[in-house]
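Right, one structure below, let's go through it.
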Amino acid sequence: MAGAPTVSLPELRSLLASGRARLFDVRSREEAAAGTIPGALNIPVSELESALQMEPAAFQALYSAEKPKLEDEHLVFFCQMGKRGLQATQLARDLGYTGYEVWLLAGK
């Protein structure tokens with residue numbers, strides 16, 4: 001995808017193995033319920049802006065996960081085809097997140 005940093009599958013595996021990446025599935029709850037990458041946090045792209053603007057405690061309470069920090073290096077947003085992942089990446093950039101990557105989830 002032009003205009004957004006990407007991460008290859010081997011790079012992603014390495015980042016996940018070392019605990020240096022956080023995965024965000026930005027598909028709908030229904031899509032994610034049908035299957036997602038283990039360890040990914042599902043926040044539909046339609047909720048992402050408000051989620052990333054929440055206070056950390058509110059984020060934790062709603063998503064049962066620590067809110068990403070602005071300086072986190074490897075926030076990986078993915079969806080089915082790439083459009084929502086790119087949208088999420090651009091949204092995170094607009095909100096001041098300095099480390100972001102988009103990874104495209106291959107079709108089923």
Side-chain angles (χ1 to χ4, degrees):
M1 297 231 115
T6 59
V7 60
S8 69
L9 185 54
E11 290 170 320
L12 180 63
R13 284 186 177 138
S14 175
L15 288 169
L16 290 173
S18 66
R20 295 183 303 139
R22 293 201 48 199
L23 286 176
F24 296 89
D25 183 343
V26 296
R27 299 175 302 155
S28 70
R29 296 204 190 291
E30 295 78 19
E31 288 174 289
T36 191
I37 299 171
L41 178 60
N42 176 232
I43 304 177
V45 73
S46 61
E47 296 176 20
L48 189 64
E49 183 172 11
S50 62
L52 293 178
Q53 293 177 328
M54 287 178 172
E55 291 297 322
F59 186 97
Q60 175 74 39
L62 185 59
Y63 297 107
S64 300
E66 182 182 351
K67 180 183 173 188
K69 296 172 183 62
L70 290 176
E71 65 276 5
D72 283 349
E73 281 190 56
H74 300 287
L75 304 179
V76 181
F77 301 98
F78 68 91
C79 62
Q80 187 67 31
M81 300 298 293
K83 182 178 179 183
R84 290 171 288 181
L86 179 60
Q87 183 181 351
T89 299
Q90 291 171 332
L91 194 148
R93 179 189 307 159
D94 291 346
L95 291 174
Y97 284 83
T98 57
Y100 49 85
E101 298 180 271
V102 61
W103 179 62
L104 307 182
L105 179 63
K108 296 179 184 176

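Since the structure is predicted, the reported quantities are computational estimates derived from the model, not experimental observations.
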Exercise. Can you name the nearest heavy-atom pair linking M54 to L62, along with the distance?
Worked result: CE-CD2, 3.3 Å

For this session: Give a yes or no on whether the backbone of S28 and the side-chain of E31 come within a donor-acceptor separation of less than 3.5 Å.
Result: yes

Seminar exercise, completed: To the nearest 0.5 Å, atom CD1 of I43 lies from atom CD of E49 at 13.0 Å

Problem set entry | Minimum heavy-atom distance between P68 and L52, given as atom pair plus value | CG-CD2, 3.8 Å

For this session: Enter the distance from E30:CD to N42:CG here, rounded to the nearest 0.5 Å.
Result: 9.0 Å

Seminar exercise, completed: Value for NE2 (H74) from OG (S14), rounded to nearest 0.5 Å, stands at 9.0 Å

For this session: Heavy atoms only: give me the nearest G85-C79 pair and the separation to one decimal.
Result: N-SG, 3.2 Å

Problem set entry | Nearest non-hydrogen partners of K67 and Y97, listed with the distance | CE-OH, 3.6 Å

Seminar exercise, completed: In short, R27 meets G35 closest at the heavy-atom pair NH2-O, 2.6 Å

Exercise. When rounded to the nearest 0.5 angstrom, what is the spacing between CG in L75 and CG in L41?
Worked result: 11.0 Å

Exercise. Roughly how far, to the nearest 0.5 Å, is the CG atom of L23 from the CZ atom of F77?
Worked result: 10.5 Å

Exercise. Between CZ of R22 and CG of L16, what distance do you get to the nearest 0.5 Å?
Worked result: 12.0 Å

For this session: Evaluate the criterion side chain to side chain contact (heavy atoms under 4.5 Å, CB included) for residue pair D25 and F78; output intermediate values, then yes/no.
Result: CA-CA 5 Å; D25 183 343; F78 68 91; 3.5 Å; yes

